[in-house]
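Down below is the structure, laid out as structure tokens.
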Amino acid sequence: MKDTLYYSDYLHLDKILGSQQPESFKEGNYPAHDEMLFIIIHQAYELWFKQILFELDYVLKIFSKEIINDNSEDLNLVLHRLRRIIKILELLNQQVSILDTMTPLDFLEFRNLLTPSSGFQSAQFRLIESVLGLQLENRHQKDYYKRVNEGGFTQEDYARITEKEQHQNLLKLINRWLERMPFFEELFWKNYTPLSAESATEHVFWNDYRYIYKTGLTQREANKIIDFDYVFLNIIPEGVTPEALSNWRSSFSAQALRAALFIMLYRDFPVFQTSYQILDALIEIDHLMSNWRHKHLIMVRRMIGMRVGTGNTSGSGYLEGALNKHYVYKDISGLSTYLIERRNLPRLPEELIKHLSFNV
């Protein structure tokens, strides 16, 4: 008779529950009660990181397709996976509060036994960042990420991360997905009546939108039209230095950002509802990742003050730099800078409305 599957065997609980081996409990050390909590919290993090990578792998497969059918189940399943990641990240943010039940003195009981290991060495977290689209050149103190010495990655983890960084990431795939938006083709706009005689672009809609945006700016915001021209139209203002341009440089193309803005503006049309929710989910993931980094920063400051990290980083100083710099989808969330009121939106031509609506 075939052996029946038993609960603990299916979940391999003997391996999971037997994998907590506190250093302070080993012979010759003073047992630190809170080290067990510290280990379990971080093991739980790594399990959830594995699930996030599993969900992201599915999302990458969909956006890697040469043709993405927006009317198929693909985008709905992508949205479902991204929303699951959001729920996991919300849980990880809440989990920090459990770790906060450990006091600085509790942590000090076993902290020195951890050296030179560090949360910095979480290869799975680095893989999540890389898959989402965080590039090495955009990382805070990027030299940290190529260390294989004490406090850095093992050769195996270093190879895994480097190999992943060479693949297409989600940001690049989203950029390609946005760029293929077909709704600015001439056939949809042949009966459109322009609102403005200004002609800063080759397309009537963006000429009108730029005009409405510009006239709606306050005196203090007047220079925002310069940002608009660079972000959406690739127009470089006279006298601007390359150093200044680096502050504006986007991870997305101007064409992709125009499409993303158009989706945000007209998201109430049925065709755009799922696309808008996907963009919004990416923004939410970015914010939750930032929230997690911030909570981690506050916790580290509480636990060790301004001491160096166990992995020879600058401790809270490094975390603060990463918090400010490691946004992946800031260009998408920053599109709110260029929104106009609904009542002022250009009226789309009927030919286009038919393609954006349900036809019953």
Side-chain angles (χ1 to χ4, degrees), residues 11-13 15-17 19-21 36-61 63 78 80-100 114 117-136 138-140 144-145 147 151-171 173 281-300 309-311 313 318-319 322-323 325-329:
L11 296 178
H12 294 277
L13 293 183
K15 297 177 182 177
I16 295 174
L17 299 181
S19 63
Q20 295 77 41
Q21 304 291 331
M36 180 66 79
L37 172 68
F38 188 83
I39 291 172
I40 289 176
I41 287 284
H42 286 83
Q43 287 179 338
Y45 277 142
E46 293 297 331
L47 285 172
W48 286 121
F49 290 164
K50 183 174 184 177
Q51 185 66 38
I52 290 173
L53 286 168
F54 185 70
E55 305 297 346
L56 285 175
D57 184 59
Y58 178 90
V59 174
L60 287 177
K61 287 178 181 177
F63 280 113
V78 162
H80 181 65
R81 308 293 186 236
L82 293 177
R83 283 177 170 168
R84 178 175 291 164
I85 292 172
I86 287 171
K87 290 298 181 183
I88 293 172
L89 290 172
E90 288 175 346
L91 177 63
L92 296 186
N93 272 277
Q94 294 170 9
Q95 193 169 291
V96 177
S97 64
I98 303 175
L99 198 55
D100 276 338
L114 307 181
S117 68
S118 166
F120 171 85
Q121 295 166 325
S122 172
Q124 288 198 121
F125 188 73
R126 301 302 165 212
L127 290 173
I128 290 171
E129 291 180 320
S130 296
V131 171
L132 287 174
L134 181 59
Q135 299 295 296
L136 178 63
N138 294 330
R139 291 183 182 273
H140 176 62
Y144 272 136
Y145 296 87
R147 289 187 300 144
F153 294 108
T154 64
Q155 290 287 353
E156 181 182 359
D157 283 343
Y158 175 87
R160 287 173 60 205
I161 296 168
T162 301
E163 192 267 341
K164 182 64 72 174
E165 288 175 343
Q166 295 170 352
H167 287 181
Q168 285 274 52
N169 59 53
L170 185 57
L171 185 149
L173 293 174
L282 293 172
I283 293 171
E284 184 65 15
I285 287 171
D286 219 15
H287 288 172
L288 287 168
M289 293 277 284
S290 176
N291 287 347
W292 189 83
R293 292 187 187 98
H294 182 258
K295 287 177 180 291
H296 193 56
L297 166 64
I298 298 302
M299 181 195 66
V300 168
T310 53
T313 68
Y318 164 78
L319 292 171
L323 169 64
K325 199 171 181 179
H326 288 187
Y327 286 95
V328 180
Y329 295 97

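- Each of Leu56, Leu170, Ile85 was checked for a side-chain contact (heavy atoms from CB on, under 4.5 Å) with Ile285, and the lone residue meeting it is Ile85.
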*Take Leu134 and Tyr327, measure what side chain to side chain contact (heavy atoms under 4.5 Å, CB included) needs, and give me the verdict at the end.*
CA-CA 8 Å; Leu134 181 59; Tyr327 286 95; over 6 Å; no
*Test side chain to side chain contact (heavy atoms under 4.5 Å, CB included) on Leu127 and Phe49 and set out the steps.*
CA-CA 9 Å; Leu127 290 173; Phe49 290 164; over 6 Å; no
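- Side-chain atoms of Gln43 come within 3.5 Å of backbone N or O of Ser19 as a donor-acceptor pair.
- Contact record, Asn291 with Asn93: C-OD1, 3.2 Å, taken as the closest heavy-atom pair.
- Taken from CG in Leu53 to CH2 in Trp48, the straight-line distance is 13.5 Å, to the nearest 0.5 Å.
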*Can Leu89 and Met289 be said to form a side chain to side chain contact (heavy atoms under 4.5 Å, CB included), step by step?*
CA-CA 7 Å; Leu89 290 172; Met289 293 277 284; 4.0 Å; yes
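- Rounded to the nearest 0.5 Å, atoms OG (Ser122) and CZ (Phe153) are 8.0 Å apart.
- At distances below 3.5 Å, not a single donor-acceptor pair connects side-chain atoms of Glu55 with backbone N or O atoms of Ile52.
- Closest approach of Val78 to Phe63, counting heavy atoms only: CG1-CE1, 3.6 Å.
- The shortest heavy-atom contact between Asp157 and Ala123 is CG-CB, 3.7 Å.
- Taking the six-membered ring where the residue is Trp, the centroids of Trp292 and Phe125 are separated by under 6.0 Å.
- Counting only distance, with no hydrogens or angles, the side chain of Glu165 and the backbone of Ser130 share no donor-acceptor pair below 3.5 Å.
- Ile41 contributes atom CD1, which lies 4.0 Å from atom CD of Gln95 (distance to the nearest 0.5 angstrom).
- At least one side-chain heavy atom of Leu99 sits less than 4.5 Å from a side-chain heavy atom of His42.
- To the nearest 0.5 Å, the span separating CD1 on Ile40 from CD1 on Ile16 amounts to 11.5 Å.
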*Which is it for Glu129 and Arg293 under the salt bridge (Lys or Arg N to Asp or Glu O under 4.0 Å) test, yes or no, and what are the steps along the way?*
CA-CA 12 Å; Glu129 291 180 320; Arg293 292 187 187 98; 2.7 Å; yes
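- Distance check, rounded to the nearest 0.5 Å: CD of Gln121 to OG1 of Thr154 gives 8.5 Å.
- The heavy-atom pair separating Asp286 from His326 by the smallest distance is OD1-O, 4.4 Å.
- Among the candidates Arg160, Glu46, Lys50, the single residue satisfying the side chain to side chain donor-acceptor pair (under 3.5 Å) test with Gln124 is Glu46.
- With Thr162 contributing its side chain and Tyr158 its backbone, the two residues share a donor-acceptor pair below 3.5 Å.
- Distance check: Arg81 CZ to Arg84 CZ gives 6.0 Å after rounding to the nearest 0.5 Å.
- In this structure, Phe54 places its CZ atom where only 12 or fewer heavy-atom neighbours from other residues, nucleotides or ligands lie under 6.0 Å away.
- The closest side-chain heavy-atom distance from Gln168 to Leu60 is not below 4.5 Å.
- For the 3.5 Å distance criterion, the side chains of Glu90 and Gln94 fail to qualify, holding no donor opposite an acceptor.
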*Could you walk me through whether Leu173 and Asn169 pass the side chain to side chain contact (heavy atoms under 4.5 Å, CB included) check?*
CA-CA 6 Å; Leu173 293 174; Asn169 59 53; over 6 Å; no
